[in-house]
Amino acid sequence: MRMRVTPVSLRQRLVMPLLALSAVLSVLIYLSVRIGADRASEATLDAVLGAAALAMAEEMRAGEGGAVVDLSPVTFSMLAAMGEERIFYRVALNGQTLTGYDDLPAPATPPTALSPVYYTVPFRGSELRVAAVSRSLMVDNRASPLTVLLGQTREGQKAISTRLANRAAGLGLLVFLAAVPLSLLAAGSLLRPIATLAEAVGRRGPRDLRPIRHPAPAELAPFVTALNGFIGRLRGTLSQTETFIAEAAHHIRTPLSVMRNEAELALRQTAEEATRARLRSLIRAVDDSARSAGQLLDHATVLFRADQKALAVVDLAAMLAAMVARFTPMAEMKDMALRLTPADRALPVAGDAVLVEAALRNIIDNAIKYSPQDSDIDLQARMANGFAVIEVCDRGRGLGGSAVQGLRVRFQRGSNVGDVAGSGLGLTIVDEAATAMGGHFALTEREGGGTCATLSLPLQG
Ligand SMILES: Nc1ncnc2c1ncn2[C@@H]1O[C@H](COP(=O)(O)OP(=O)(O)O)[C@@H](O)[C@H]1O
Ligand SMILES: [Mg+2]
């Protein structure tokens, strides 16, 4: 069985190691400050202790039957410089304690004359650091070994090094705390290109299939390339579909028109009523099919053009006037008038003439189709709130309670139009064309009966 494991987020992948690294760094800072400071202060204190012990040993004189200690002021001041620490000493000649603490422990290895031996021993309840030196002293003409042990507590030093250690710990903690926002910041800046790329792709319209040209860091380039390859293949497939629909519509319409002509001819040549009725319903069916094929072709074209986003400046007022002229014969066949209120100025919009034409054609076609004989249609192009607005109002049957939102759906028709031929693609085309050009389309009941269709497109300039 395959398990779906939620992958760890990139932010986590980045922040966690950074934090771990800075934690290690903090501990290292702490340890190095602590150990370094301890070592340095011990070495300094040892040097002073050793020097004092040597000085004491040097100042031993042979006296009557033993030795005389005659400490110079220098040695005293050296001892005094040891501060708060307590001092213990033992001077021994031939292994016999001459003066000082008899129980001060001797070093494990006996010292030589050259350099002091240092060692740490517990003594009277505290740790003692001891420097041991030895030299030989001529007593009664015999060379006798003289040993000087000088011990010193290190409590003050301990206190100082604890303070230093605390400070080091604080410093380490500070480094770690500073690393938290910094690593979050680093993660943020690293992930920003991904976010901006996602935003750039997400901002696109649903039909925008241009390749991604958004600048991306080199590491994301393979991803962008793969995505562009995918988009390219998708666009290829889509355009193949468009072509297919266009060709299919064309190849259906041509034989249909031949069929219609033949049926009309047959109708004219037949007197038998049953056959005539059959031929008439055949002609109606052929008309329906031809209209559907035309609408499908229109829709395919609109979809394709919407993809291209080939927007140019189009004068909406002029286009409406041209469309009215084109539909006037069709209206006159139903004894209808198309009453155009001309705009007082040009209405330039950023649009695609093919899309605008398809939208206007379907709006006016509906107005004529769903209006009774002898009724007039009012058309108007005007400006409102930065939009060029075209309004087409008829005195037809109205929407019969159908929701406009539903009528925009492909192949959806109203409940009150069963007697009129149609494919339900017209409003879909209008709506898609309007959206593609950044505008919108509305269909409302008109006061006093009828319907108003409103197409708004953003004004240019
Ligand atoms: N001017 C109008 N008057 C009344 N109903 C309309 C009008 N325009 C559109 N409609 C309603 O919207 C539906 C969808 O319109 P459309 O998509 O053009 O399809 P068709 O016209 O082929 O039925 C129509 O079936 C009709 O019910
Ligand atoms: Mg229609």
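Note that ligands are numbered from 1 as they come in the structure, with each ligand's atoms numbered from 1 the same way.
Listed by number with element, the atoms of ligand 1 under 4.0 angstrom from any heavy atom of Gly398 are 4 (C), 5 (N). Every atom of ligand 1 is numbered from 1 in the order shown, and the set under 4.0 Å from a heavy atom of Gly422 is 22 (O). Those atoms of ligand 1 with a heavy atom of Leu425 less than 4.0 angstrom away are 17 (O), 19 (O). The contact set between ligand 1 and Gln412, taken as ligand atoms under 4.0 Å from a residue heavy atom, comprises 14 (C). Numbered from 1 in the order shown, with element, the atoms of ligand 1 that lie under 4.0 Å from a heavy atom of Lys369 read 20 (P), 21 (O), 22 (O). Under a 4.0 Å criterion applied to the non-hydrogen atoms of Leu399, ligand 1 contributes the atoms 5 (N), 6 (C). Short contacts between ligand 1 and Val417, defined as distances under 4.0 Å to a heavy atom of the residue, involve ligand atoms 25 (O), 26 (C), 27 (O).
For the ligand labelled ligand 1, residue Asp394 lies inside the 4.0 Å heavy-atom shell. Ligand 1 lies nowhere less than 4.0 angstrom from a heavy atom belonging to Arg291. Contact analysis leaves Gln295 out of contact with ligand 1, as no non-hydrogen atom separation drops below 4.0 angstrom.
Of the possible donor and acceptor atoms, one in the side chain of Arg408 sits under 3.5 Å from a partner among the backbone N and O of Phe441. Here the side chain of Ser423 pairs no donor or acceptor atom with the backbone of Ser292 at under 3.5 angstrom. Not one N or O on the side chain of Arg291 forms a donor-acceptor pair closer than 3.5 Å with the backbone of Val286. Checked by atom type and distance alone, the side chain of Glu85 pairs as donor or acceptor with a backbone atom of Gly156 at under 3.5 Å. Side-chain atoms of Ser402 come within 3.5 Å of backbone N or O of Leu399 as a donor-acceptor pair. Formation of a donor-acceptor pair under 3.5 Å by the Glu391 side chain with backbone atoms of Leu379 is not found in this model. Using a distance-only test at 3.5 Å, with no hydrogens or angles considered, a donor-acceptor pair links the side chain of Asn362 to the main chain of Ala358. Between the Ser371 side chain and the Asp394 main chain, no donor and acceptor come within less than 3.5 Å of each other. At distances below 3.5 Å, at least one donor-acceptor pair connects side-chain atoms of Arg276 with backbone N or O atoms of Thr270.
In this structure, Arg260 pairs ionically with Asp287, as a charged nitrogen and a carboxylate oxygen lie closer than 4.0 Å. Between Glu432 and Arg410, no side-chain nitrogen of the basic residue sits less than 4.0 Å from a carboxylate oxygen of the acidic one, so the salt-bridge criterion is not met. Electrostatic pairing of Asp46 and Arg129 counts as a salt bridge here, judged by a charged N lying under 4.0 Å from a carboxylate O. Looking at Arg361 and Asp298, a side-chain N of the basic residue comes within less than 4.0 Å of a carboxylate O on the acidic one, giving a salt bridge. With respect to the salt-bridge test (charged N to carboxylate O, under 4.0 angstrom), the residues Glu357 and Arg326 qualify.
Residue Arg397 has no N or O atom closer than 3.5 Å to an N or O atom of ligand 1. For Ser423, a nitrogen or oxygen atom sits less than 3.5 Å from a nitrogen or oxygen atom of ligand 1, counting backbone and side chain alike.
Ranking protein heavy atoms by distance to atom 24 (C) of ligand 1, first place goes to Tyr370 OH, 3.5 Å. For atom 12 (O) of ligand 1, the closest heavy atom belonging to the protein is Leu407 CD1, 3.4 Å. Looking only at protein heavy atoms, the nearest one to atom 3 (N) of ligand 1 is Thr451 OG1, 3.2 Å. For atom 9 (C) of ligand 1, the closest non-hydrogen atom of the protein is Asn366 ND2, 3.4 Å. Looking only at protein heavy atoms, the nearest one to atom 19 (O) of ligand 1 is Gly424 CA, 3.1 Å. With hydrogens left out, the protein atom closest to atom 23 (O) of ligand 1 is Arg413 NE, 2.5 Å, a heavy atom.
The proximity of Leu427 to ligand 1, defined as any non-hydrogen pair under 4.0 Å, involves the side chain as well as the backbone.
Protein-derived N/O/S atoms nearer than 2.8 Å to the Mg ion (ligand 2) total 1, waters excluded.
Ring geometry for Phe88 versus Phe123: interplanar angle over 60°, hence perpendicular rather than tilted (30 to 60°).
Closest heavy-atom approach to atom 27 (O) of ligand 1 among the candidates Ser371, Gly414, Gly396, Ser402: Gly414.
Applying the salt bridge (Lys or Arg N to Asp or Glu O under 4.0 Å) definition to pairs two or more places apart or across chains, none involves residues 158-183.
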